[in-house]
2 protein chains.
Amino acid sequence: MASTQFSTKDRILGAAEELFAQHGFMGTSLRQVTSRADVNIAAVNYHFGSKENLINEVFRRRMDEMSRQRLGQLEQASKDRPGELEAVLAAFVEPALAVARDRQGGAAFIRVIARAYAEKNDGLRQFLSEQYGHVLREFARAIAQCVPGLEKEQLYWRLDFLSGALTYAMSDFGLIKRPAGVSEIAHRKRAADELIRFAAAGIKS
Amino acid sequence: MASTQFSTKDRILGAAEELFAQHGFMGTSLRQVTSRADVNIAAVNYHFGSKENLINEVFRRRMDEMSRQRLGQLEQASKDRPGELEAVLAAFVEPALAVARDRQGGAAFIRVIARAYAEKNDGLRQFLSEQYGHVLREFARAIAQCVPGLEKEQLYWRLDFLSGALTYAMSDFGLIKRPAGVSEIAHRKRAADELIRFAAAGIKS
DNA sequence: GTCTATAAGAAGATAGAC
DNA sequence: GTCTATCTTCTTATAGAC
């Protein structure tokens with residue numbers, strides 16, 4: 001294998017991520033995955049045991065990184081721009097974009113997230129809630145500090161709206177298409193700025 | 001009297017909608033559909049020709065009704081509350097809820113929508129864009145009238161955020177869960193009111 | 001760790017009787 | 001319009017050689 005320093009396991013994860021984003025979990029066969037990763041069909045079951053466990057591992061690899069960045073940027077914001085809602089929202093939104101443009105297949109990950117709540121895959125939803133629920137709670141706490149008068153239930157509604165808007169925008173489903181002359185990075189930056197402004201106004205209302 | 005007055009075709013549509021919401025388009029087999037609808041496996045291909053066409057028809061049945069209500073309520077709003085952004089947003093948001101509680105299976109349809117943009121099904125996206133794009137453009141026009149200074153690209157970003165927040169909230173994925181003492185209808189009404197307020201502030205910002 | 005080969009079954013679609 | 005039976009292809013998963 002002259003072409004790569006990536007292990008068989010990493011190549012499977014990368015190929016699976018791209019294909020899951022394109023065709024869904026159930027719409028992607030392990031044969032497609034192993035074919036794209038240029039490994040043998042039996043390697044998936046050797047390294048991951050089952051298709052379901054492969055799905056969880058694809059998630060974990062990106063979510064761990066994204067959560068780490070979100071919490072790090074949130075902590076930085078509380079030092080540099082204390083009490084400023086826009087800084088908290090940037091800490092929530094921008095790492096999602098950073099992961100999305102991280103490398104080939106990162107953009108695909110955003111669609112995998114969108115998929116996670118559309119496919120009423122209860123095992124996966126529970127996995128996400130258990131593993132990453134504390135990140136959302138941390139942001140709820142930080143937003144509450146920026147907007148002292150906001151009651152708790154209303155805050156949770158607005159966090160849900162923010163999450164939905166972020167997911168939708170990231171999945172390139174809507175009216176907005178990246179214009180030909182605009183780079184992917186510039187487009188994502190524009191998306192982040194627009195969303196932060198929109199959500200900040202909504203949360204403060 | 002109960003279920004026998006539905007035709008084979010309608011029973012297939014109802015069963016397909018529920019299963020698509022639960023397991024996705026690709027994760028649902030025609031065998032599951034015909035088994036739940038209690039019709040023969042060959043009936044799907046007789047009535048719909050193919051699985052892809054069945055998917056489109058599931059959408060058409062609900063989207064036609066939802067679009068009709070949205071445009072009707074929008075027209076009413078332009079008479080009763082001209083220039084009022086909240087009225088336009090209510091015309092966009094509330095019919096989605098009306099469809100969601102329309103009858104058995106309406107709630108499932110909301111998840112089918114969420115799924116439609118997560119499953120990067122290009123045939124379906126094109127179908128939706130062609131058949132219902134004019135509704136979105138009508139709302140863009142109405143919002144622009146309410147917020148004269150808003151530039152067009154910014155308006156489209158915000159419409160995408162609204163659509164995402166609506167979809168996410170409707171699919172019951174987020175932090176907000178319906179409390180035990182609150183009826184489904186009251187919960188949906190609360191969701192609509194919160195979203196209208198949130199989005200109105202964001203769009204006006 | 002990676003391979004070939006294959007088991008065991010599910011998928012969409014169709015032909016043709018009634 | 002609805003049925004049974006079947007074709008062809010694809011799926012996950014495993015057994016066992018190297």
Side-chain angles (χ1 to χ4, degrees), chain A residues 1-59 61 112 115 119-124 127, chain B residues 2-61 112 115-116 119-124 126-127:
Chain A
M1 295 303 150
S3 67
T4 178
Q5 74 241 38
F6 292 108
S7 68
T8 293
K9 202 169 171 175
D10 280 336
R11 292 215 309 286
I12 291 172
L13 283 170
E17 182 172 80
E18 291 171 31
L19 288 165
F20 287 159
Q22 270 176 42
H23 308 115
F25 303 129
M26 298 193 185
T28 298
S29 71
L30 295 183
R31 282 180 155 73
Q32 289 174 282
V33 172
T34 54
S35 168
R36 173 172 296 213
D38 202 29
V39 303
N40 190 271
I41 171 69
V44 165
N45 281 285
Y46 177 79
H47 287 287
F48 297 96
S50 69
K51 184 178 180 178
E52 182 164 350
N53 193 52
L54 172 62
I55 293 173
N56 286 346
E57 293 304 317
V58 165
F59 261 92
R61 191 173 63 149
V112 178
R115 189 172 293 284
E119 296 210 7
K120 200 169 158 53
N121 181 334
D122 286 333
L124 182 58
F127 170 82
Chain B
S3 60
T4 44
Q5 68 199 49
F6 290 109
S7 67
T8 293
K9 203 169 170 176
D10 280 335
R11 291 214 310 285
I12 291 172
L13 284 171
E17 181 173 77
E18 291 170 32
L19 288 166
F20 287 159
Q22 271 176 42
H23 307 115
F25 305 125
M26 296 192 186
T28 300
S29 70
L30 295 183
R31 285 179 158 76
Q32 289 174 280
V33 171
T34 53
S35 169
R36 174 173 295 213
D38 202 28
V39 302
N40 190 270
I41 171 69
V44 165
N45 280 285
Y46 177 78
H47 286 287
F48 297 96
S50 69
K51 183 178 180 178
E52 183 167 347
N53 193 52
L54 171 61
I55 293 173
N56 287 349
E57 292 303 317
V58 164
F59 264 87
R60 191 195 304 279
R61 189 173 63 149
V112 176
R115 190 168 290 283
E119 296 209 12
K120 198 171 157 53
N121 183 333
D122 285 334
L124 179 58
Q126 192 180 344
F127 171 83

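Chain identifiers are assigned alphabetically (A, B, ...) following the order of the sequence lines, protein sequences preceding nucleic acid strands; residue numbering begins at 1 within each chain.
Atom P of nucleotide D:dG1 and atom CD1 of B:Ile12 are separated by 12 Å, given to the nearest angstrom. Whole-Å rounding puts the A:Phe48 CZ to D:dT14 C1' distance at 18 Å. Atom C1' of nucleotide D:dG1 and atom CG of B:Asp10 are separated by 15 Å, given to the nearest angstrom.
Residues in residues 21-30 of chain B take part in no salt bridge (Lys or Arg N to Asp or Glu O under 4.0 Å) pair, two or more places apart or across chains.
With sequence neighbours left out, B:Arg31 forms a salt bridge (charged side-chain N to carboxylate O under 4.0 Å, His left out) with no residue at all. For B:Phe59, the ring pair (Phe, Tyr, Trp, His ring centres under 6.0 Å) test picks out B:Phe109, with sequence neighbours left out. By the side-chain contact (heavy atoms from CB on, under 4.5 Å) test, A:Ala15 is found to be paired with A:Val33, A:Arg36, A:Ala37, residues two or more places apart in sequence or in another chain being considered. For B:Asp10, the side-chain contact (heavy atoms from CB on, under 4.5 Å) test picks out B:Phe6, B:Ser7, B:Leu13, with sequence neighbours left out.
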Annotated protein contacts, base or backbone, on nucleotides 11-18 of chain C with a non-hydrogen cut-off under 4.0 Å, one of B, S, - each: BBBB----
